[in-house]
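Below you'll find the structure, written out as C-alpha cells, and then a few comments.
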Amino acid sequence: MEFTLNLHDTPFDVSIILESGQVFRWENKDGWWYGMIDSGVVKVRQDGSSLRCISSTDEINQEYIRTYFRLDEDFEGVLSAIMKDNVINEAIQRFYGLRLIRQPTWECLVSFVIATNSNIPRIRRMISNICRRYGSTVLFEGLEYNLFPTPQALSGATVKDLEECGLGYRAKYVRRVAEAVNNGKVDLSELLIGNYEQGRETLIRKVLGKKDLLGIGPKAADCVLLFSCDKDEAFPIDVWITRAVEKYYKTVVGRELARKLKLRLSGRQNLALGTYDALSSRLRSYFGTYAGYAQQYLFLLARATLAD
DNA sequence: AACCAGGTGAGGA
DNA sequence: TCCTCACATGGT
C-alpha cells in the first residue's frame, strides 16, 4: 500500500536515522530507502517535511510507520531536556534530524549480539547472511526480499551454519539466544511492560550460574532496551561513547571513572559490570530521562570526529 | 602486518 | 567483585 506521512516541522532526517547504527537492514537504492520489517517490505523517501511510503503489505501502514519512527512523541521536549552543554548541543546541530527508532525487539536483540566487537559494515553483512539463509522471502516490485528469521528458524540452525554466515564465535551465542526465546525461557514482551531496571534484569540475569541469553552483556542489553523497548534512559557504552565521555565528560563521571575509561582505551581493558553501571548511572543522572537520545548523538559525534 | 571494530564469557585473585 | 585474556572475521 502507498501513503505519505506529514512530518510537519519536526526534526527528521531519514538518511541520518537509517545510517546511525541502530538498524542494519535498510538499504538505499535510487533515492528510496528499502527496509524489511516484521512481515513485509517497505520503501520510504523523504522530501522535506513529507515521507512517502510504499509497502508490500497492509500491515505496514501509516500507523505502523509512525510507531516505527517514533513520530508519536514530543521530540522538541526530548531535545530541550538533553541540551545540557555545548558538546551535546553541537552534536544535535551537526546531526539535526536524528531520531531513535522503535524496532522489533527480537531482531534488535539478535542484531546486538552479532554487533559485539565488530564494525557496522560487517554487522550488516552478517545479518544479511542469516536473513538470506533463514528468513522467509517476500515478493515486492518483482524482486525477492528476505525477512528477519524467526526465533524458531534460528534455533533450528546449526552453529556450523551460523559460522558460515561469518558470525565467528558469536554463532553459538546467537543460537543460545534463539533457543531461549523460542522455548519461552525468555519472554521479550516483558521488556515492553517493565521499567528499565526490570528489563536489564531480564536480559542479563544469571540463572544457576548460566545465562539464558549468552552474548548479552550490559552494553547489548542497553541497546535493546533503548532501540526497541522505549527505555529512553538507557545509555549504551561502547568504544565510541567511551572516547566521547573520556574526552568531553570527565568532570561529569568523576576522576576515578574517567581513569577507567582511559585504561579501556589505551590498555584494552574492558569495563567491569560495576564500572559500566556506575558510568551509565552518572551519565543518566546528568542527561536525565532521555539520556539515551544524548547517547545516540554522542555516538555519531565520536565516530565523525574522534576516529584516528 | 599489526590493529581495530556499537563486547562478552570463562576463569582466577 | 574485579581483572585478564581469548575470541572469528574482515577492513585499513
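A, B, ... follow the sequence lines: proteins, then strands. Residue 1 opens every chain.
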For the pair made of [atom1] in [X] and [atom2] in [N], what is the distance, rounded to whole Å?
X	N	atom1	atom2	value
A:I120	C:dG10	CD1	P	18 Å
A:M126	B:dG7	CE	P	11 Å
A:L306	B:dC4	CG	P	15 Å
A:I204	B:dT8	CD1	C1'	11 Å
A:R176	B:dG9	CZ	P	10 Å
A:R124	B:dA5	CZ	P	19 Å
A:I123	C:dT9	CD1	P	16 Å
A:R264	B:dC3	CZ	C1'	16 Å

Output for pair (A:R125 CZ, A:R132 CZ), nearest 0.5 Å, gives 10.5 Å
Gap between atom CG of A:D13 and atom CZ of A:F95 - 0.5 Å precision: 11.0 Å
Roughly how many Å apart are C:dA8 and B:dG11, using the P atom of each and rounding to a whole number? 14 Å
Quantified in whole Å, what is the C1' atom distance between nucleotide B:dA5 and nucleotide C:dC3? 22 Å
Which one, [options], comes nearest to the side chain of [X]?
X	options	result
A:Q269	C:dT4, B:dA5, B:dG9	C:dT4
A:W240	C:dT4, B:dA5, C:dG10	B:dA5
A:N117	B:dG7, C:dT4, C:dC3	B:dG7
A:A272	B:dG9, C:dG10, C:dC2	C:dC2
A:T275	B:dG7, C:dT9, C:dC3	C:dC3

The residue, A:L213 or A:R303, whose nearest nucleotide of DNA chain B is more 5′ is A:R303
Check this one for me: any side-chain N or O of A:K172 less than 4.0 Å away from OP1 or OP2 of C:dC7? no
I want to check one thing: is the phosphate of B:dA5, taken as OP1 and OP2, less than 4.0 Å away from some side-chain N or O of A:R243? yes
Do A:D222 side-chain and B:dG7 base share a donor-acceptor contact under 3.5 Å? no
Quiz item: A:Y169 side-chain donor-acceptor pair to B:dG7 base, under 3.5 Å: yes
Examine A:R99 relative to A:F12 and say whether NZ or CZ is less than 6.0 Å from the centre of the six-membered ring and inside a 45° cone about the ring axis. no
Using a heavy-atom cut-off of 4.0 Å across all strands, would you classify [X] as base, sugar-phosphate, or nothing?
X	result
A:E164	nothing
A:I237	nothing
A:A171	nothing
A:R170	base
A:G21	base
A:F227	base
A:S111	nothing

A:S118 side chain vs A:A115 backbone, donor-acceptor pair below 3.5 Å: no
Assign each of A:P121 and A:T116 the nucleotide of DNA chain C bearing its closest heavy atom; nearer the 5' end lies the nucleotide of A:T116
Just wondering, more than 12 heavy atoms not from A:K172 lying within 6.0 Å of its NZ? yes
Under the side chain to side chain donor-acceptor pair (under 3.5 Å) test against A:Y196, which residue among A:D222, A:D232, A:D230 passes? A:D222
Are A:L300 and A:I237 grouped together when hydrophobic residues (ILVMFWY) are joined by side-chain heavy atoms under 4.5 angstrom apart? yes
